[in-house]
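Encoded as structure tokens, the structure appears first; notes follow it.
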Amino acid sequence: MNDFSHKNLLDLEFGEASARGNLAVSFQDVETAAEEKYIVFFLNDEGYAVSAKYVTEVIAPPPLTPLPKTPGWFLGIANLRGKIISVIDLPGFWNRKSASSPKSKLILLNSKTTDSQIAFAVEKLGELIVVQNSEIEPAGGDVSDDFCGKIKYKSTIVNLLDAERLFSALKPA
């Protein structure tokens, strides 16, 4: 007998899954399909966010070693616990004015499709937020191709950085 309470969603979902013969329903997958966590950061007083699934860690900037004959947006390499990471200046990469204040943190990204890591400096770190997919608007405007959309965050428009596009753009030709 299927006597489900309409107030108990878990029972309802389980009942529908069992009626279809699919007992392997993951409620966490259903939830994450509709939302994603992002880390908010600021550069030149502009808001940006990157998906938390790409962020390995947020660290204090280690000593950088500049490399000769590299673009101005390539700040150098750093030794992070025995691993060499590339550090870039995102505004410089996007042909914008580089950040004016000292960089307080580096966000370390790890590609999901390649085994690449990069870090970029941020002026100010925001917070970890949960964004519903329905809240994301198309990037549009004069923004870089490295963005997959934008959201409203505390009355500010925040561009969502597409980490995989950034990794692809940084790959040597």
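On a predicted model such as this, the values are computed, not experimentally measured, just so you know.
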To the nearest 0.5 Å, what is the distance between CZ (Phe42) and OG1 (Thr156)? 6.0 Å
What pair of heavy atoms forms the shortest contact from Gly92 to Trp73, and how long is it? C-CB, 3.5 Å
Enter the distance from Ile84:CD1 to Gln117:CD here, rounded to the nearest 0.5 Å. 11.5 Å
Is it the case that Thr113 and Glu164 place a side-chain donor and acceptor less than 3.5 Å from each other? yes
Once rounded to the nearest 0.5 Å, what's the spacing between atom CG of Leu161 and atom OG of Ser51? 10.0 Å
Joint cluster assignment, Leu128 & Val122, ILVMFWY side-chain distance < 4.5 Å: yes
Between Glu127 and Tyr153, is there a side-chain donor-acceptor contact under 3.5 Å, judged purely by atom types and distance? yes
Lys152, NZ atom: more than 12 neighbouring heavy atoms under 6.0 Å: no
Residues Arg96, Glu46: salt bridge by 4.0 Å N-O rule: yes
What distance separates Gln132 CD from Glu35 CD, expressed to the nearest 0.5 Å? 4.5 Å
Exercise: identify the closest heavy-atom pair between Ser116 and Thr114: OG-OG1, 2.9 Å
If you round to the nearest 0.5 Å, how far is CD1 of Ile129 from NZ of Lys37? 12.0 Å
Could you walk me through whether Lys150 and Ile136 pass the side-chain contact (heavy atoms from CB on, under 4.5 Å) test, one step at a time? CA-CA 6 Å; Lys150 61 185 175 183; Ile136 299 174; over 6 Å; no
Ionic contact status for Glu57 with Lys105, cut-off 4.0 Å: no
Less than 4.5 Å apart, side chain to side chain, heavy atoms only: is that true for Phe93 and Leu170? yes
Among Leu43, Leu160, Ile39, find the residue that satisfies the side chain to side chain contact (heavy atoms under 4.5 Å, CB included) test when tested with Tyr48. Leu43
Tell me the closest heavy-atom pair linking Leu109 and Ala163, and the distance in Å. CD1-CB, 4.3 Å
Are any of the side-chain heavy atoms of Val87 and Ile77 separated by less than 4.5 Å? no
Would you say the side chain of Val50 lies within less than 4.5 Å of the side chain of Val55, judging by non-hydrogen atoms? yes
Does Phe74 reach the side chain of Ser86, with side-chain heavy atoms less than 4.5 Å apart? yes
May I ask you to test the Leu166-Leu90 pair for a side-chain heavy-atom distance under 4.5 Å? yes
Can the ring centres of Phe120 and Phe41 be said to be less than 6.0 Å apart? yes
To check you understand the geometry: which heavy-atom pair defines the closest contact between Ala78 and Pro62, and what is its length? CB-CG, 3.6 Å
So for atom CG, which belongs to Asp45, do other residues, nucleotides or ligands contribute more than 12 heavy atoms lying within a distance under 6.0 Å? no
Quick one, Asn159 and Phe147 - any side-chain contact, counting heavy atoms below 4.5 Å? yes
With side chains defined as the heavy atoms from C-beta onward, is the minimum distance between Leu125 and Ile107 less than 4.5 Å? yes
Could you check if a side-chain atom of Ile118 sits within less than 4.5 angstrom of a side-chain atom of Ile85, using non-hydrogen atoms only? no
